[in-house]
There are 2 protein chains.
Amino acid sequence: MLRTELANQGAAPKIARPVPLRESVFEALLELILTGHLKPGQHLAESELAGLLGVSRQPIREALQLLSGEGWVDLHPGHGAFVHAPTVEEADQLLAVRTLLETESAKLAARHSTPDGVQRLRALCARGLAAVDADDVDMSVAINSELHAAITELSGNKVLAELASLVSRRVRWYHTPVARKRGRDSWSEHTELVDAIAAADEDRAADIMRKHTEHTRDSYLEQRQAEPVESAPEPTRRRRPRSPK
Amino acid sequence: MLRTELANQGAAPKIARPVPLRESVFEALLELILTGHLKPGQHLAESELAGLLGVSRQPIREALQLLSGEGWVDLHPGHGAFVHAPTVEEADQLLAVRTLLETESAKLAARHSTPDGVQRLRALCARGLAAVDADDVDMSVAINSELHAAITELSGNKVLAELASLVSRRVRWYHTPVARKRGRDSWSEHTELVDAIAAADEDRAADIMRKHTEHTRDSYLEQRQAEPVESAPEPTRRRRPRSPK
DNA sequence: CAACTGTATGCTGTAGGCGGTCTACGAGAA
DNA sequence: TTCTCGTAGACCGCCTACAGCATACAGTTG
């Protein structure tokens, strides 16, 4: 059923599939995880997913490996795949690492800032503020990601950008609800940040970014106190191995 | 032929295999890459590797996915896997990221230092110096890795430790020859670093670690000037896709 | 001689199937 | 009642097989 959608992403009927099935499956599963259809801790039976997406188990397995590599699912040899259930400790650590990576990115972006690059950042800021004005929260969050990605890319360090992007995606999974709360504040900070980058003021850019990400972190901690724990429900069927180690 | 070695790692004959084949394959392939038997840019035909290791293509594929996730090989859909060929630019960026991660680790390690942890670090330093005295370069390099790993773990941030370990392994691939040159200097720096951690002096620890990793970076750059480029040989058989993009 | 086209070969991506292991559950004994 | 053990079912890991595309090469044409 879903198969056609997965296989023929474009419109042409008989055009060769340029993207391996595993990557379509990867995105489909990631979407299911991010939207909460697959809950943390849940056991992912390969046959079940294969039936759901209308493909064989093989691409499912490969997609699960990719997801495991990015930390979305945990593979327990002999027991299959489980949606990763982040502990509060891990979320904290991830947020700390994000602060580290993004701060360095901002510093480097300021150092290597170009008029062209700055202009792109400003455009994103404008779009972001417009989204906030229109109360389009989803759009605001999306543009927020774009802006941060643009900054990391402006840093000129691709390795750094890749890591930052990875960590940010993970972080966003945890605190998306937070981002919805502090829309306008966040975007005014963004504007200041871009100004600092435009002025090639490394230290100020780094400073603003650090405070910015730590604000998000504080908001996350607050939110978590409100709704203390979203404990993973008992795995649908298969239990976790005895010693998760 | 190799199969038995891969499958039955332990001694017991009929004990269930606790480790999936793909992980054994992963390590076997990584070893081949690190030792240079598989050269950068080389095309990795699944059937060939399967025959070489005595397993079917399936575990090979999964191992290649894992290797791709850690950046050891590049997967080009429809064209197969190629050993990653690092550019000088990428090596630089990787070294910069390593400095960032390790510096933060050192700072946190100093902040959270415990007598027990410090003692372990000192033991590693002693073993490292002993290895240098004995002119056992391989041992020295190995203990060097252990020490850095121990420091990142002492930081208390597992996410950070994992990233640092990943990046370090990649870095080591590029500059192993370098580490051989500056054995004793490196270890005296290590000793100072451990002292700073023991004294819970965050700034000094971070400072020393930053200088330490940048020393390594400088050595790498020097070495690279000596032997300008180790360009990848023409791929054994299959060419790279037209637009590597 | 150079460029193009048709054909052959090798490889990847996917499907389907088999053996072995683990979990779940019910019966029987303490 | 509670613990132990045996059985049945489900699932994972791996192997084999096949369809389709990519590449290489030879033959052909300008």
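Naming: A, B, ... by sequence-line order, numbering from 1 per chain.
The side chain to side chain donor-acceptor pair (under 3.5 Å) analysis of residues 153-165 of chain B, with sequence neighbours excluded, yields no pairs. Screening residues 141-172 of chain A for ring pair (Phe, Tyr, Trp, His ring centres under 6.0 Å), with sequence neighbours left out, gives H148(A)-H190(A), H148(A)-H212(A).
In plain terms, the two heavy atoms of L124(B) and E146(B) that are nearest each other are CD2-OE1, 3.7 Å. Contact detail for R170(B) and W72(B): the closest heavy-atom pair is CA-CH2, 3.8 Å.
In this structure, Q58(B) atom CD and dG13(D) atom P are separated by 10 Å, rounded to whole Å. The separation between Q65(A) atom CD and dG13(C) atom P is 14 Å, rounded to whole Å. For L49(A) and dA15(C), the CG to P distance is 14 Å, given to the nearest whole Å. Atom CZ in R61(B) sits roughly 14 Å away from atom P in dC14(D) (whole-Å rounding). At whole-Å resolution of the value, CG in L75(B) and P in dC11(C) are 17 Å apart. Between the CZ atom of R57(A) and the C1' atom of dG19(C) there is a distance of 12 Å, given to the nearest Å. For the pair E46(B) CD and dA17(D) P, the interatomic distance rounds to 17 Å; values are reported in whole Å. Separating the CZ atom of F82(B) from the C1' atom of dT12(C) is a distance of 11 Å, rounded to the nearest angstrom.
Among dT12(C), dA22(D), dT14(C), the nucleotide with an atom closest to any side-chain atom of H43(B) is dT12(C).
The shortest distance between the side-chain N/O atoms of H79(B) and the OP1/OP2 oxygens of dT23(D) is below 4.0 Å.
Residue contacts shown for L44(B) are limited to sugar-phosphate atoms, with no base heavy atom under 4.0 Å away.
Where P59(B) and G80(A) meet DNA chain D, the nucleotide closest to each residue was compared, and G80(A) sits on the side nearer the 5' end. Two residues, S56(B) and S47(A), neighbour DNA chain D, and the one matched to the more 5' nucleotide by heavy-atom proximity is S47(A).
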